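Since the structure is predicted, the reported quantities are computational estimates derived from the model, not experimental observations. Residue indices begin at 1 and follow the sequence shown.
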Amino acid sequence: MVKPGGICSAAGYWKAACSITDVHGMPYFARLILLLFCLMVLVETRKPKKRRWTGQLETSKSSHLYKKNLDVTKIRKGKPQPLLRVDDHDFTMRPAFGGPAIPVGVDVQVESLDSISEVDMDFTMTLYLRHYWKDERLVFPSTSNKSMTFDGRLVKKIWVPDVFFVHSKRSFIHDTTTDNIMLRVFPDGQVLYSLRITVTAMCNMDFSHFPLDSQTCSLELESYAYTDEDLMLYWKNGDESLKTDEKISLSQFLIQKFHTTSRLAFYSSTGWYNRLYINFTLRRHIFFFLLQTYFPATLMVMLSWVSFWIDRRAVPARVSLGITTVLTMSTIITGVNASMPRVSYIKAVDIYLWVSFVFVFLSVLEYAAVNYLTTVQERKQRKLQEKFPCMCGMLHSRTMMLGGSYSESEANSLVGYPRSHILTEEERQDKIVVHLALSSESNSSRKKGLLKGQVGLRIFQNTHAIDKYSRLIFPASYIFFNLIYWSVLA
């Protein structure tokens, strides 16, 4: 028989032995079944045990490498002690509150000068603004004397200078990919506060010499709340506090120089404040305006002179040319004024364009005068021809002055006329009376000088002479104007 407990237990290990007694008294089939049962129990005991889930993570044994690089922030026991005891102080008040003014040094690095707007009278600049001061409340122990650097999250917990830009229209701190703010604290309490800003500020411009002008603009920094008794704002390294990128350039301006200044600003209701200035001088490039404004205006004036060489009887040609040049000059003036502010004073470019416009307009008036005098002259000749079909028999020196268009050679050509066409004495007297009536206005001038009066009358009556003298007077006057203009403004 099998003794109780002689069979292998299911909770036993693989080393447990099956104790069987009186095996020889059992039949062969029973012994075989008993042997199979013992083998099954032995196999079950060798299988690994499955652990029940308890809801807690099981940590494996630390390897040798893990033990060498332990993260001390994970194995600290209790609440860690911060190096900067921000919560132990009231940072709503400035450092050394109640004592002397805290000095705050400033330096600026100009990254780019983005745009200059004449219409809005402002400029846009991107810069790095850095502040330096000392706060005893931020002192921390350090054996290596190394600083600690933080991002913009700590700025909201400590005191920082409240510097703002005077006369600024728009400004913002860059936030790509995070806020471009850096705070560096040294063990002795020295603080460096840096931020990247783009600001659009006002610039009072004088366009009296535009486009041959130079503009001086300023970016002004000042504390908003603290007067000079609480905060002393100054340039940290003097003139070296302002750094600029060598690649800064503008399309229309040449940057001549950057420099810094400082002074006190007074407000009647709050007091005196330290104010810092970033000054820069710009000189405008003239070549663009030479191509777009001055050269086209000059060509239009020269084009209007072409009408002086066109026959006075070609009315459509001369009128269309004059109207075209006048309209073109009007378009140039309108285009220039569209890109400029509406100032109440005259600009240098206005003087040039309006003088050019006057020259073009005078060329149109010149042809109007020529055409009118030609019409009057032809009307007089037609009336005389209707009343006196033949001029023969009169003194040629007086007869030829009536119309102003007959010369002595033309009078001599009438000698071959037949006697039937020669005027009678009565008709000759009527002719002389008409002649005296037409020339009554010129008698006073002849008394002063007969030669001078005859020359002036001939020029006035001869329309060819008006065009001839205009070909010289107009170009000479315009060249003289250009000489004075460029010598004064250059």
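A salt bridge (Lys or Arg N to Asp or Glu O under 4.0 Å) with R94 is found for one member of D135, D230, D162 and no other, namely D230. Partner of L127 under the side chain to side chain contact (heavy atoms under 4.5 Å, CB included) criterion, out of L219, T198, T244: L219 alone.
Residues satisfying the side chain to side chain donor-acceptor pair (under 3.5 Å) test with Y294, not counting sequence neighbours, are Y485.
Judged by a 6.0 Å distance limit and a 45° cone about the ring axis, R284 is not positioned over the six-membered ring of F210.
Although no hydrogens or angles enter the test, the distance criterion places a donor-acceptor pair under 3.5 Å between the side chain of S241 and the main chain of G238. Panel note: side chain H285, backbone F253; a donor-acceptor pair is recorded below 3.5 Å.
In terms of heavy-atom proximity, Y273 sits nearest to Y224 at CE2-O, 3.9 Å. Nearest heavy atom pair, residue W133 against residue W159, reads CZ2-O, 3.4 Å. Closest non-hydrogen pair, E118 versus S339, comes out as CB-O, 4.4 Å.
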**Message:** Between N482 and Y352, is the side-chain hydrogen bond (donor to acceptor under 3.5 Å, both in side chains) condition met? List the steps.
**Reply:** CA-CA 8 Å; N482 276 270; Y352 192 90; 2.9 Å; yes

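Between W272 and F266, the ring planes lie tilted relative to each other; the angle falls in the 30° to 60° range.
Within the structure, the side-chain hydrogen bond (donor to acceptor under 3.5 Å, both in side chains) test picks out the following pairs touching residues 314-330 (sequence neighbours left out): R318-E366, R318-D467. Within the structure, the disulfide (SG to SG under 2.5 Å) test picks out the following pairs touching residues 131-238 (sequence neighbours left out): C203-C217.
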